[in-house]
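In what follows, every chain begins at residue 1, and chains take the letters A, B, ... in the order their sequences are listed. As the structure is a computational prediction, the values presented were derived from the model and not from experiment.
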Number of protein chains: 2
Amino acid sequence: MKGTVTVKTLAKELNISIATVSKALNDSYEISLETKQKVWDLAKKLKYERNPSASNLRSHKTKTIAVIIPEIANNFFSLAINGIEEIARKRDYHVLIYQTHENSDTEIAFTDSLLSGRVDGILISVSSNTNNNEHFKELVKKIPVVFFDRVFEDIDAVKITTDDYESAYNATCHLIECGCKKIAYLFALNNLVTGKNRFAGYLKALEKYNMLYTDEMIVHYDKDTSKNYENIKAMVSNQKPDAVIASIEELALPCYYVARELNLNIPKDLKIISFSNLNTAPLLNPSLTTIEQPAFEIGKEAAGILFKILEKKYLEPNENHILKSRLIKRESTSCG
Amino acid sequence: MKGTVTVKTLAKELNISIATVSKALNDSYEISLETKQKVWDLAKKLKYERNPSASNLRSHKTKTIAVIIPEIANNFFSLAINGIEEIARKRDYHVLIYQTHENSDTEIAFTDSLLSGRVDGILISVSSNTNNNEHFKELVKKIPVVFFDRVFEDIDAVKITTDDYESAYNATCHLIECGCKKIAYLFALNNLVTGKNRFAGYLKALEKYNMLYTDEMIVHYDKDTSKNYENIKAMVSNQKPDAVIASIEELALPCYYVARELNLNIPKDLKIISFSNLNTAPLLNPSLTTIEQPAFEIGKEAAGILFKILEKKYLEPNENHILKSRLIKRESTSCG
DNA sequence: TTTATTTACGAATACGTTTAAGTAAAAACC
DNA sequence: GGTTTTTACTTAAACGTATTCGTAAATAAA
């Protein structure tokens, strides 16, 4: 790197010390406006770019945050990242993305490696296959972390979620009011409050209407995508539910294929409702009733709080921020 | 950072020099296996994590690459990132994501800021609104860059693309063979070879079959999403084409809404075909015929070549790598 | 046995920045 | 006019790692 322009270059050129240059670049009050201007001008002219490693090594600020998510090819997480990025961009922060692909070991490897001071803070949406949260407990002691959407109950960190319980409750009620007598549930995120709350909302609605419920009506998410299709097909064939609630988007689409395969008409024979941020939901055949989470806002909120922690240097009380989801009724649950 | 464990900590504990520790950690041939083992054991025991900033400052290796893309909430790019990540993960590299949101100024700001040595290499898919490539010309002189999918013609860097010309040609032929007499084209990426080639393929097919072509049948992509809907609606109303080719996914979905609005039956009144990686394409109403790019493979290929450049320290000849897309025929172009 | 070579390590420096501590000159105060 | 305070800088020391160069001991070659 011979041609690199550093503070030294600027200092030599302007005949001032490198300390002055550094302070000028950081707009320190110690430096006169006149000098600052000279430094700024030369820096622009020579296209000086601060070396991030050196800066970070000295200041312990990386201007970088990490986002750990299960999967990027999912509209909810893509939108959440958009929200995160918007906030990060404003503060000139960089965003490292890590995908766990729902693998707990990968998740642990990521969190471990982020302990090295590569980032100032971390945003996490937990992998569905993570059932042990010890590594998170260690993590939150050492670096600011904000969890969003997929969160654990007993971790001492800020958590941004949506009103999962109420959403599932309302969705189930919607189906019941449409006349559904047997509503199956596609369970995911068993280990997380997120998943538990959704299921609890479903149960609560059934209870309110004195509806029957058996374990056979529940299909649990499988890492193996093709298994999900098989399991749902088996359940629908055997149990013959007249409605299905998918707790995650990945479980809703197989339902469409299953319905086709079994010659079931949606919504006449089988109504479907799903937690989902698919932007093609209105264009599906038939259009899909969704519980749409404010993904973009969740990202913004989570990032905003992380920066608040980073700036104020104090950890917020372990309060939960809960945003509201929207139930959008479409053809897949039309009451005919 | 008082509790931080550094090479110094390890050195003191083992009564050896920090140089030896550093070399041992890097598995240097200068260190005896016995000593190495002691260092490794202690490092693991104390959960030593190498400080990336210090390491990078000294070695000029960041173990980080940047990915600059227009939009993450797009299945093509999400999948490409998956491919990139898979390769990066194998080499223990970190991935910074930057979204331009199709904004050229943002793109320039990113490329400028990446000149500071924050990353070892960059993967770029160019924003559609970028019509000046001067900043890229400067960039590729200073840091290894691989372009993928959305590329400029005259930049001296490796480019990974798909067979856009042939794909568009084949798609157009498919429509013509279905009996279409007037095929509209939804143009995007005008400034890039990618966009030019797709359009050229379309034109070539028209020419082969002696089909009519007027500028009125072309709608150009607008940054303002709602404008796209309006423009397509106007074109379809006035020109009454019997088919539409969308050069990007973002232009295909508005067609569905336009068809509904104008009471046109897809595919009877209007056939639609689109460059797209939508995973709900088979579930749309009607299912969408797509030209599906091997997004995941493109990402893998691009990242693979970038690492080849990074490791071999020599720039590959400016050759183009062209992967094949697949035309997947569905209901939206069924010849009924 | 003497000399040359290899092995295994340490001392010291550099990477580019930030910052605590120090200082001369200018300004403000009585 | 003398003292204090403020302003605008500089010096020097970090941050944690990688690396060049040097060297003593062990081994091999003569």
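Note: CG (A/L33) to C1' (D/dC9) measures 15 Å, nearest angstrom. Taking atom CG of residue B/L115 and atom P of nucleotide C/dG16, one finds them 15 Å apart after rounding to whole Å. Distance CD (A/E30) to P (C/dA26): 19 Å, rounded to an integer number of Å. Rounded to an integer number of Å, the gap from CG of B/N51 to C1' of C/dG16 is 14 Å. A/I18 places its CD1 atom 10 Å from the C1' atom of D/dT10, with the value rounded to the nearest Å. If you measure from atom OH of B/Y29 to atom C1' of D/dT19, you get 11 Å, rounded to the nearest angstrom. Atoms NZ (B/K61) and P (C/dC15) sit 16 Å apart, rounded to a whole Å. Distance B/K63 NZ to D/dA18 P: 11 Å, rounded to the nearest Å.
Of the listed residues (B/I108, B/I68, B/I69, B/T100), just one forms a side chain to side chain contact (heavy atoms under 4.5 Å, CB included) with B/S127, and that residue is B/T100.
Among the atoms of the strands shown, only primed sugar atoms or phosphate atoms (P, OP1, OP2) are found under 4.0 Å from some heavy atom of B/S32. Nucleic acid contact for B/L25: none, since no nucleic acid atom lies under 4.0 Å from a heavy atom of the residue. Counting non-hydrogen atoms under 4.0 angstrom, A/T20 reaches a base of the nucleic acid. Residue contacts for A/S17: at a heavy-atom cut-off of 4.0 Å it reaches a base atom on one of the strands shown.
Among the nucleotides D/dG16, C/dG16, D/dT11, the one closest to any side-chain atom of A/A19 is D/dT11. Side-chain proximity of B/H60 to the nucleotides C/dC15, C/dA12, D/dG16 is greatest for C/dC15. In the set C/dC9, D/dA18, D/dT17, D/dT17 carries the atom at the smallest distance from any side-chain atom of B/Y48. Comparing atom distances between the A/A54 side chain and each of D/dT17, C/dC9, C/dT17 picks out C/dT17 as nearest.
Residue B/R50 places at least one side-chain N or O closer than 4.0 Å to OP1 or OP2 of D/dA18. Distances shown here put a side-chain N or O of B/S55 below 4.0 Å from the OP1 or OP2 atom of D/dA18. Between A/T6 and C/dC15, a side-chain N or O to OP1/OP2 separation shorter than 4.0 Å is absent.
Taking for each of B/I16 and B/L57 the nucleotide of DNA chain C with the nearest heavy atom, the 5'-most of the two is the partner of B/I16. Comparing A/V21 and B/S59 along DNA chain D, the residue whose closest nucleotide (by nearest heavy atom) sits nearer the 5' end is A/V21.
Contact of A/K23 with D/dT10 (side chain to base): a donor-acceptor pair of N or O atoms is detected under 3.5 Å.
A side-chain donor-acceptor contact under 3.5 Å links A/T64 and B/R118.
Ion pairing between a basic and an acidic side chain is recognised when a charged N comes within 4.0 Å of a carboxylate O; A/K223 and A/E102 show no such pairing. At a threshold of 4.0 Å, the pair B/D156-B/K141 does not count as salt-bridged, since none of the basic side-chain nitrogens sits closer than that to a carboxylate oxygen. With respect to B/D120 and B/K61, no salt bridge is recorded, no charged nitrogen being found less than 4.0 Å from a carboxylate O.
Atom CD1 of B/I305 is separated from atom CZ of B/F148 by 12.5 Å, given to the nearest 0.5 angstrom.
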